[in-house]
Amino acid sequence: MEGLLKNKVCIITGAAQGIGKGIAERFTADGAKVYACDCQEFQPENEGVIPLCFDVCDAAAVKSAMMQVFKAEGRIDVLVNNAGVVFNRKIGMIRRDETELMFRVNVIAVIEMVQLVSRLMARNGGGSIVNIASVTAQLGSPGQSAYSATKGAVISFTKSAAKELAPQGIRVNAVAPGIVKTERFAELYESDGSKIDQRISRIGLGRLGTPEDIANACAFLASDRASYISGEILGVNGCASI
């Protein structure tokens, strides 16, 4: 699959670590010019990745960064909305401030990013947008009701945006990961390893996902090989039953 994204200009949010970092590395390996965005300053390990620092909830900063890329490259071919926040709380312990933050980052920022970038993509005849949802939105997960609600919103938005933007040649899909072994997973495992082991036992393929697993799916959906795929939610969860 070498050169799957050759010469494509790609924006990836939440790219400093974890899944976002894996996506950035895969896209670069496939020949893309990658702008890796995060709310904190970071130095990419791959020289082909260009870092951009801004808060996805800051509309002015987002617009400034996207216009910077568009002016430099003349186009934006791919957007991956990966930035996200998660707070795991049982229903009786849900906090409003945490829920509001999750909706701002996981939903509102995604909508506004798509709103802005789709206008730029339309100037060049189209593009591909990949949103990161979650298996929790599809199957449900105890202790993640509020988080699942935000990712359910991402799924609904993806399907509607795909229909609206199709006439402009813009495809919109989502990837719904299961449990992925990232830095955050390590923190969760340390706090409650037995619970994580139980969830792994309910994964049909018998292992955790990796950032590379998610990145592979994103690369395909972003590429021209998926040129007739839009409005779809691709589960990448190892056949999990949660």
Side-chain angles (χ1 to χ4, degrees), residues 1-38 42 44-52 66 69 73 75-84 110 113-114 117-118 120-121 124-135 138 151 154-155 158-159 161-162 165-166 169-183 205 207-240:
M1 295 176 71
E2 287 296 321
L4 192 63
L5 299 172
K6 187 176 181 180
N7 297 326
K8 289 190 179 295
V9 177
C10 303
I11 304 286
I12 303 167
T13 66
Q17 60 182 349
I19 291 173
K21 179 181 178 182
I23 296 171
E25 291 175 347
R26 172 58 199 266
F27 279 27
T28 303
D30 273 332
K33 187 165 188 179
V34 174
Y35 286 85
C37 313
D38 206 89
F42 72 103
E45 296 176 7
N46 191 317
E47 293 183 0
V49 176
I50 302 169
L52 286 177
M66 295 304 100
V69 174
E73 305 295 340
R75 69 186 198 281
I76 295 175
D77 301 305
V78 177
L79 166 66
V80 180
N81 282 307
N82 170 73
V110 169
M113 184 73 78
V114 170
V117 173
S118 65
L120 300 176
M121 287 180 169
N124 294 98
S128 176
I129 296 171
V130 181
N131 299 321
I132 302 299
S134 172
V135 67
Q138 297 174 307
K151 292 303 185 177
V154 169
I155 288 175
T158 296
K159 289 179 174 293
L165 296 175
I170 299 171
R171 297 183 297 106
V172 189
N173 293 288
V175 170
I179 305 176
V180 179
K181 192 173 184 180
T182 62
E183 297 88 344
L205 292 182
R207 69 169 177 86
L208 295 170
T210 66
E212 290 74 23
D213 291 323
I214 312 306
N216 290 340
C218 290
F220 170 70
L221 290 174
S223 76
D224 293 338
R225 294 189 183 183
S227 62
Y228 199 57
I229 299 175
S230 193
E232 297 300 320
I233 313 302
L234 178 57
V236 184
N237 58 54
C239 193

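Worth saying up front: this structure is predicted, and the values here are computed from it rather than measured.
- For the pair Leu79/Met121, a side-chain contact is recorded, criterion being any heavy-atom separation below 4.5 Å from C-beta on.
- With Arg171 contributing its side chain and Leu221 its backbone, the two residues share a donor-acceptor pair below 3.5 Å.
- Proximity of a side-chain donor or acceptor of Ser134 to a complementary backbone N or O of Ala176 within less than 3.5 Å is not detected.
- Annotation: the span from Met66 atom CE to Leu120 atom CG amounts to 9.0 Å, rounded to 0.5 Å.
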Next on the checklist: One pair to check against side-chain contact (heavy atoms from CB on, under 4.5 Å): Asn46 and Val34. What are the steps and the verdict?
Outcome noted: CA-CA 10 Å; Asn46 191 317; Val34 174; over 6 Å; no

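- No donor-acceptor pair under 3.5 Å is formed between the side chain of Ser223 and the backbone N or O of Leu4.
- Interatomic distance, CD1 of Ile214 versus CD1 of Ile19, reported as 5.0 Å (0.5 Å rounding).
- Within the model, atoms CD of Glu73 and CD1 of Ile11 stand 8.5 Å from one another, a figure rounded to the nearest 0.5 Å.
- Across all non-hydrogen atoms, the minimal contact from Asp30 to Ala219 is OD2-CB, 3.9 Å.
- With rounding to the nearest 0.5 angstrom, the CG atom of Leu5 is 15.0 Å from the NZ atom of Lys33.
- Annotation for Ala217 and Val236: closest pair CB-CG2, 3.7 Å, computed over non-hydrogen atoms.
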Next on the checklist: Show, in sequence, the C-alpha distance, side-chain angles and deciding distance for Thr158 and Asn131, and conclude whether the side chain to side chain donor-acceptor pair (under 3.5 Å) test is met.
Outcome noted: CA-CA 7 Å; Thr158 296; Asn131 299 321; 3.0 Å; yes

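- Side-chain N or O atoms of Asp38 include one that pairs as donor or acceptor with a backbone N or O of Ala16 at under 3.5 Å.
- With values rounded to the nearest 0.5 angstrom, Cys10 atom SG is found 11.5 Å from Arg26 atom CZ.
- Considering only residues two or more places apart in sequence or on other chains, Asp213 meets the side chain to side chain donor-acceptor pair (under 3.5 Å) condition with Arg207, Thr210.
- If you take CD1 on Ile12 and SG on Cys218, they are separated by 8.0 Å, rounding to the nearest 0.5 Å.
- Side chain of Lys151 to backbone of Ile132: a donor-acceptor contact under 3.5 angstrom is found.
- Of the possible polar contacts, none joining the Asp77 side chain to the Gly127 backbone as a donor-acceptor pair under 3.5 Å is found.
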Side-chain donor-acceptor contacts of residues 226-235 below 3.5 Å, not counting sequence neighbours, with atom names and distances?
{"from": "Ser227", "atom 1": "OG", "to": "Asp224", "atom 2": "O", "distance (Å)": "3.3"}
{"from": "Ser230", "atom 1": "OG", "to": "Val172", "atom 2": "N", "distance (Å)": "3.0"}

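- Heavy-atom minimum distance, Val49 versus Ala36: CG1-CB, 3.3 Å.
- The shortest heavy-atom contact between Leu165 and Ser118 is CD1-CB, 3.8 Å.
- The neighbour count for Lys8 NZ, taken as heavy atoms of other residues, nucleotides or ligands under 6.0 Å away, is above 12.
- Residues passing the side chain to side chain donor-acceptor pair (under 3.5 Å) test with Glu45 are Lys21, sequence neighbours excluded.
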